[in-house]
Amino acid sequence: VQPSVTLDQACAASLPCFNSAQTLVPADTPEQYDHSPFGAMRDELLATLGSISCRAASLLGLPRHTLQLLYGAYSGQESPADVLERLGLSQLPRPNGPVLWFHAVSLGESAVALPLIFRCLLEYNEHVHVLLTTGASEARALLSTSLPPRVRVQYVPLDNHLCMQLFLAHWRPQACILMVRHMQL
């Protein structure tokens, strides 16, 4: 049976900036871009300002998120260790050797990640460890007791520059695999 649509046709139909050589190219014509030194400086400045404003916005939200987490710990909804994990401060020690980081938002995405996690454990030597982060308390509770010792399960840190820096400084993963339902391009 011959497919009615080739890979090139499907890519061209789904992404207007995808050409037949499977490389991403700008959808606009090159003549629309300012190639002068001032255009490059402007683009660099806008990218830097965008990055700074994104970091500033995430830092401005940190006190509110921290207060919510502390209230959850005070009311018994979360343990103090859970609050620290969400702030990027893990209580789990980093194992020696490479760490592969899998992130799954929900219990369903965690279930989808399990065959890949077990395949990594079988394919690589006993020095490779897996970190599985999730935002769902039911996924964390279920998986933290049922996975092999080489797999560590914890909450994903807040979507905040400072929390992520603390998390990455502690775990130093060699690779990150994101399990997502759909990807917005």
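Fair warning: this is a prediction, and the values are worked out from it, not measured in the lab. In what follows, every heavy atom counts, from backbone to side chain, and hydrogens, waters and symmetry copies are set aside.
A distance of 14.0 Å separates CZ of Phe102 from OG1 of Thr134, quoted to the nearest 0.5 Å. One distance of note links CG of Leu114 with OG of Ser146; it measures 7.5 Å at 0.5 Å rounding. Annotation: the span from Gln154 atom CD to Leu84 atom CG amounts to 10.5 Å, rounded to 0.5 Å. Between atom CG of residue Leu100 and atom CD1 of residue Ile177 there is a gap of 5.5 Å, rounded to the nearest 0.5 Å.
Met179 is connected to Leu143 through a chain of hydrophobic side-chain contacts under 4.5 Å among Ile, Leu, Val, Met, Phe, Trp and Tyr, so both are in one cluster. Both Leu162 and Val83 are members of a single hydrophobic cluster when ILVMFWY side chains are connected at heavy-atom separations under 4.5 Å. Follow the hydrophobic side-chain contacts under 4.5 Å out from Val112 and you reach Val151 in the same cluster. Residues Trp101 and Ile117 do not share a hydrophobic cluster, clusters being chains of Ile/Leu/Val/Met/Phe/Trp/Tyr side chains in contact below 4.5 Å. Cluster annotation: Leu168 is connected to Leu92 through the hydrophobic network of ILVMFWY side chains, with a link wherever side-chain heavy atoms come within less than 4.5 Å.
In plain terms, the two heavy atoms of Arg86 and Gly135 that are nearest each other are NH2-O, 3.6 Å. When every heavy atom of Leu158 is checked against every heavy atom of Met164, the shortest pair comes out as O-CG, 4.0 Å. Taking all atoms of both residues into account, the shortest heavy-atom contact from Leu121 to Pro148 is CD1-CG, 4.0 Å. A pairwise comparison of heavy atoms in Trp171 and Pro95 identifies CZ3-CD, 3.7 Å as the closest pair. Minimum heavy-atom separation, Ser90 to His170: CB-CD2, 3.7 Å. The two residues Leu107 and Ala136 make their nearest non-hydrogen contact at N-CB, 4.3 Å.
Judged as a salt bridge (charged side-chain N to carboxylate O under 4.0 Å, His left out), and not counting sequence neighbours, the contacts of Arg140 are Asp82, Glu85.
Shown here is Asn96, whose CG atom has no more than 12 heavy atoms of other residues, nucleotides or ligands within 6.0 Å.
Of the candidates Arg172, Arg152, Arg94, Arg94 is the only one forming a side chain to side chain contact (heavy atoms under 4.5 Å, CB included) with Val99.
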N/O donor to acceptor pairs below 3.5 angstrom from side-chain atoms of residues 70-77, sequence neighbours left out:
from  : atom 1 : to    : atom 2 : distance (Å)
Ser75 : OG     : Tyr71 : O      : 3.0
Ser75 : OG     : Gly72 : O      : 3.3

